[in-house]
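Report on one structure; see the data block that follows.
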Amino acid sequence: MRRVAAVARNTFRESVRERVLYNLLFFAVIMTVSGLLLGELSIRQDAKIIKDLGLAAMDLFGTLIALFVGVGLVSKEIERRSLHPLLAKPLSRDEFLLGKFAGLGFTLLVNVGLMTGGLYATLLALRRGADPALLKAVFAIYLALLVTVALALLLSILTSTAVASVSTLCLVIAGRYSDVILNLGDVVPGMPAWALRAVMILIPNFRNFDLKDRVVYGDPVTFGDLGWITAYAAAYTGTVITLAVIAFRRRELT
Amino acid sequence: MVEAPPAVDIRGLSKSYRIGHLRAQRRQAVHDLSLRVPRGVVFGCLGPNGSGKSTTLKLLLGLLFPDSGSATILGQPIGARAARQSLGYLPENPYFYDYLTPNEYLDYAGRLFGLPPGARKDRTRELLDLVGLAEAADVHLRRFSKGMLQRLGVAQALVNRPELVFLDEPMSGLDPLGRRSVREIILRLKAEGSTVFFSTHILADAETLCDEVALLRGGSLVAKGRLDQILSLDVTHMEVLVSGLGPQEVSGLPAGVETFRAMGERLVLHVPEKELGDVVVAVEQRGGRVLSVQPVRQSLEDYFFAEMGHPAKGETWTAGA
Ligand SMILES: Nc1ncnc2c1ncn2[C@@H]1O[C@H](COP(=O)(O)OP(=O)(O)OP(=O)(O)O)[C@@H](O)[C@H]1O
Ligand SMILES: [Mg+2]
């Protein structure tokens, strides 16, 4: 556990030093500019627009980091051989992989946390109360990011960085439009039902994690809902990370 | 009493790499290698470029998996955590994280060994002094030169005061001072009872440091043993440096002179030991002067050239320092 924490700590430090948190600047600019503009216009709907925009930006920046940092997380260490001296120490491959995952997970937590703070600050500055329900949507976004990191990690161990980037991106997009896949049966007539089901199970259903509209437009999100998506994220991430651990154990480090 | 297991015991280790576009072909990198390294020695793994030294080390550290064969390290199978607790490893051309400083990297390494914070701090300072990086302790590694990285590589291999240290070409990239300090570190490790297993193609380093060597070629073991057993330590001939003689005068010298070559105005004669007296007299009779006489023993380098001739396919050979 201590060793996993040491790897996670170093991974977080890397992301800070390699300027992964720079997206926060963009986020701050988006929030400030939209806040100023809407403050001037003082439209009645402005709070909803700010919330929408804030959550969407959080989702986008988070996904980009999860995807591109996630793909390089372990593969870069294999390529540069920086893990050779570490694995000669009492650190196991499993611990290394879990530490890398936890480290990026923590980076994303900090990142999303700061963006959430920025969103609330903007709302408060415009004197539109701080709606706590937003946190539910943020939580769901964070779960989706962990699923994305797990996928990126697995694919980067199985394939090359380029293939992993593209295929993770495809999965993320496919998972967001999984309703389209549901209708695949109509598009590809001969497709058997079981194949359709298999595709639905394999592709992460990112729509489950999209609570933005419900929260912004005041549809209630129960803790039962949150519990369900947490369980889904845990099961999906757990499975994918387990596969990644198995693949990494067999990986030859030349 | 049961004897402690050897530091390294390799039994029939083989490894081939998949190569080519479809990774369908295989290139044999290590072939049926068996080797036993006793504790407390400095062991040199010698061989030309591409002879399988680094591959052997990576197999021993569990970075690569053997096609066949096995090995134990400090009595434990490859990859056992208990053995890794007492190991050190310097990879060839090491890369550490650009964004860390030596202080931070060694601290990270100390954490992986479960050292408490105070011990990490002391050990880090000690090691940076040892490898001469104390001044650069807080400089980001992205600004390090190759030799400085190599020094950090040596330091990180010693964080846990290892019983057994694997060093893959420890001298590479180092300046003369750096080489000397690595030589001293290796000898100090030995004095403290550690075993050092290092690879090199620099024969002079092996000659000055190793108790035992293994000579690899094309992935196979060519010779193994104490250096004085592999090499004949008898004087093979005398090297006589003379001046004031032209080539034609030399050809008239006693039959004992085997070869000679010019070095500027001077000539170097290779003379069998027992002919020395006659040759010196003959040189002086012809108006030349004997500047120096040096006994020559067979060196590893001579051995290599004699035993191996030209390198095997896919190898290149670098002799000397
Ligand atoms: N990643 C790899 N893929 C394919 N072949 C490899 C790989 N690494 C090494 N080889 C081959 O394996 C053989 C042994 O290489 P190895 O690196 O073990 O040699 P070495 O003795 O360490 O050489 P050097 O003195 O240059 O470091 C060589 O023929 C090399 O071409
Ligand atoms: Mg090598």
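In what follows, chains are A, B, ... by sequence order, proteins preceding strands, each numbered from 1.
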By a 4.5 Å heavy-atom criterion (distance strictly below it), what part of [X] contacts chain A: side chain, backbone, both, or neither?
X: B:Tyr97; value: side chain
X: B:Asn93; value: neither
X: B:Pro91; value: side chain
X: B:Arg142; value: side chain

Please round to the nearest 0.5 Å and tell me the distance separating atom [atom1] of [X] and atom [atom2] of [Y].
X: B:Phe113; Y: A:Arg3; atom1: CZ; atom2: CZ; value: 10.5 Å
X: B:Leu64; Y: A:Arg251; atom1: CG; atom2: CZ; value: 11.5 Å
X: A:His84; Y: B:Leu90; atom1: NE2; atom2: CG; value: 13.0 Å
X: B:Leu112; Y: A:Leu87; atom1: CG; atom2: CG; value: 9.5 Å
X: A:Lys89; Y: B:Leu87; atom1: NZ; atom2: CG; value: 10.0 Å
X: A:Glu95; Y: B:Arg81; atom1: CD; atom2: CZ; value: 4.0 Å

Examine whether an atom of A:Arg17 lies under 4.5 Å from a heavy atom of chain B, and if so say whether it belongs to the side chain, the backbone or both; otherwise answer neither.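 The side chain, not the backbone.
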Okay, side chain of B:Arg84, backbone of A:Ala88: is any donor-acceptor separation there less than 3.5 Å?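 Not a single qualifying donor-acceptor pair exists.
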Judged by atom type as modelled, is there a donor-acceptor pair below 3.5 Å linking the side chain of A:Glu252 to the main-chain atoms of B:Phe65?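 Pair found, side chain donor or acceptor close to backbone of B:Phe65.
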